[in-house]
Asker: 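There's a structure below that I have some questions on.
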Number of protein chains: 2
Amino acid sequence: MSSADTKEKLLAAALQTLTEQGIAKTSARTVAATAGVAQGLVFYHFGSVAELLAAACRYGAEQRVAHYRPRLAQVTSLAELLVFARAMHEEEKAGGHVAFLGQLLAGAQTQSALAPATSAGLDLWIEEIEKVLGRVLASSPVGEFTDPEGLARAVAAAFIGLELYEGVDPSGADAAFGALEQLAGLVAVLEELGPVAQRAVRHQLRRKTQRS
Amino acid sequence: MSSADTKEKLLAAALQTLTEQGIAKTSARTVAATAGVAQGLVFYHFGSVAELLAAACRYGAEQRVAHYRPRLAQVTSLAELLVFARAMHEEEKAGGHVAFLGQLLAGAQTQSALAPATSAGLDLWIEEIEKVLGRVLASSPVGEFTDPEGLARAVAAAFIGLELYEGVDPSGADAAFGALEQLAGLVAVLEELGPVAQRAVRHQLRRKTQRS
DNA sequence: GTCTATACATGGATAGAC
DNA sequence: GTCTATCCATGTATAGAC
């Protein structure tokens, strides 16, 4: 078998094991078994389990971002973004293709070799989210008075948190998404205000910004 | 040694190991070593590693919520809540006393024995957050048009996500908290609008709510 | 009732076979 | 260059000593 083939199999198997077994049960043995290759190949091809996981993170994050990118590109309002988030969440419940990021995030807390790759994987998402937020909030006071990059980072981290929460309390996670949708609706209202109210809001915001 | 003593040691050691070593490296051996007791005692006192972790989760969550409760009780505005969140985040960077919830959340995804305990531990936080949000948002349109319990769940899950994110990208997490503070300031502005603008906002919200 | 010694499974890593 | 056989550390669990 070609080197590229085996590597690819191991990368895919690493992601699958990570989502299905969790970081605690993800080992060279379990991944190799899933890939259908010998256990030693993990070390031959990647040097260590951590390096395999780091590579798998890059591989998987690129794949998933590419998968969702076209749909994200069509989002033109905050309400649509929340609809997308909910749909993506539903897809994740079935397939769990982003869940591996939660597992890596947990693993990276204490295994420093995983941190850069996990951060880089998340950055792919953050970049996309930032683009969408920039577009969606451009016409709103929110876009004017918040840091879009920081907001994108908060959204990405929060989404992973919610995905993890889904695993222990599905109905609770559902309620959380519902509340966020209501909140998004509230922000959207700011855009639909009449000109007088709009100016009042912006005026207050400017005062507030100067004060702090 | 009394049974209660050994159990207490194991519970504390489980939390410490979970935060310092992560779920992947938390085993009967590592926890017992930290506790300074024999490894087999984990199984004698708790039956299995998962049950020990579940018990430790209850134990730790109660402790931490009790630790922060007095300060949460003094929060009277959304801005103050964000100041508290940032302060708690800083404390966590140093001590990492809530980090174990992130590790358990990751572990619970695939080890169903952990899910109920983790969910229950989070619920202690959610309950407190809900109280605070109810108080803080009572005078705001946000309180009127969102489900406070769902919002509290979203906040708790998002906070855990941000704590995990901090572990792989501290400056990114800082930017995320900064953006959320700006966002909170924006919501606070709604409360400071003049009566005319207030009514315009509420009117739009009512229309919006009826439509959806 | 409390704990220790021991059995056996799984994991990481590599020397050397093909 | 690719893979297998094997070593030793670490993991879970329990039989039986105190």
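In what follows, every heavy atom counts, from backbone to side chain, and hydrogens, waters and symmetry copies are set aside. Letters A, B, ... are given to chains in the order of the sequence lines, protein chains preceding strands, and every chain is numbered from 1.
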Asker: May I have the distance from Lys25(A) (atom NZ) to dA9(C) (atom C1'), rounded to whole angstrom?
Answerer: 11 Å

Asker: Can you measure Phe43(A) atom CZ to dA9(D) atom C1' for me and round it to whole angstrom units?
Answerer: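 Distance check: Phe43(A) CZ to dA9(D) C1' gives 13 Å.
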
Asker: What is the distance, to the nearest angstrom, from the NZ atom on Lys7(B) to the C1' atom on dC3(C)?
Answerer: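 It works out to 15 Å between those atoms.
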
Asker: Separation of Glu51(A) atom CD from dA13(C) atom C1', in whole Å?
Answerer: 13 Å

Asker: Between Thr6(B) and dC3(C), is there a contact of a side-chain N or O with OP1 or OP2 at under 4.0 Å?
Answerer: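 For Thr6(B), the contact criterion (side-chain N or O under 4.0 Å from OP1 or OP2 of dC3(C)) is met.
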
Asker: Looking only at side-chain N and O atoms, does Tyr68(A) offer a donor or acceptor that is under 3.5 Å from a partner on Glu91(A)?
Answerer: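 On atom types as modelled, these side chains qualify, holding a pair under 3.5 Å.
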
Asker: Can you tell me if Tyr44(B) touches the phosphate of dT2(C), counting only side-chain N or O atoms and a distance under 4.0 Å to OP1 or OP2?
Answerer: yes

Asker: Does His45(A) put a side-chain nitrogen or oxygen below 4.0 Å from OP1 or OP2 of dG1(D)?
Answerer: no

Asker: Taking the minimum atom-to-atom distance to the side chain of Ser27(A), which one of dG12(C), dT12(D), dA13(D) wins?
Answerer: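 Given the options dG12(C), dT12(D), dA13(D), the side chain of Ser27(A) is closest to dG12(C).
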
Asker: Check this for me, if you would: do Glu149(A) and Arg153(A) make a salt bridge, where the nitrogen-to-carboxylate-oxygen distance has to be below 4.0 angstrom?
Answerer: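 Looking at Glu149(A) and Arg153(A), the cut-off is met.
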
Asker: Do the side chain of Glu92(A) and the main chain of Val98(A) share a donor and acceptor less than 3.5 angstrom apart?
Answerer: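 Judged by distance alone, yes, a pair lies under 3.5 Å.
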
Asker: When we call it a touch if two heavy atoms are under 4.0 Å apart, what does Val42(A) touch: a base, just sugar-phosphate, or nothing?
Answerer: nothing

Asker: Tell me the interatomic distance from Gln39(B), atom CD, to dA13(D), atom P, rounded to whole angstroms.
Answerer: 10 Å

Asker: Output the rounded distance in Å from CG (Leu41(A)) to C1' (dT2(D)).
Answerer: 7 Å

Asker: Measure from the side chain of Arg29(B), starting at C-beta and using heavy atoms only, and say which of dT10(D), dA13(D), dG12(C) lies closest.
Answerer: dT10(D)

Asker: With sequence neighbours left out, write down each residue that passes side-chain contact (heavy atoms from CB on, under 4.5 Å) with Ala106(A), or none if nothing qualifies.
Answerer: Gln103(B), Ala106(B)

Asker: Could you tell me the separation between the CZ atom of Phe46(B) and the C1' atom of dT14(D), rounded to a whole number of Å?
Answerer: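 The answer, rounded to whole Å, is 18 Å.
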
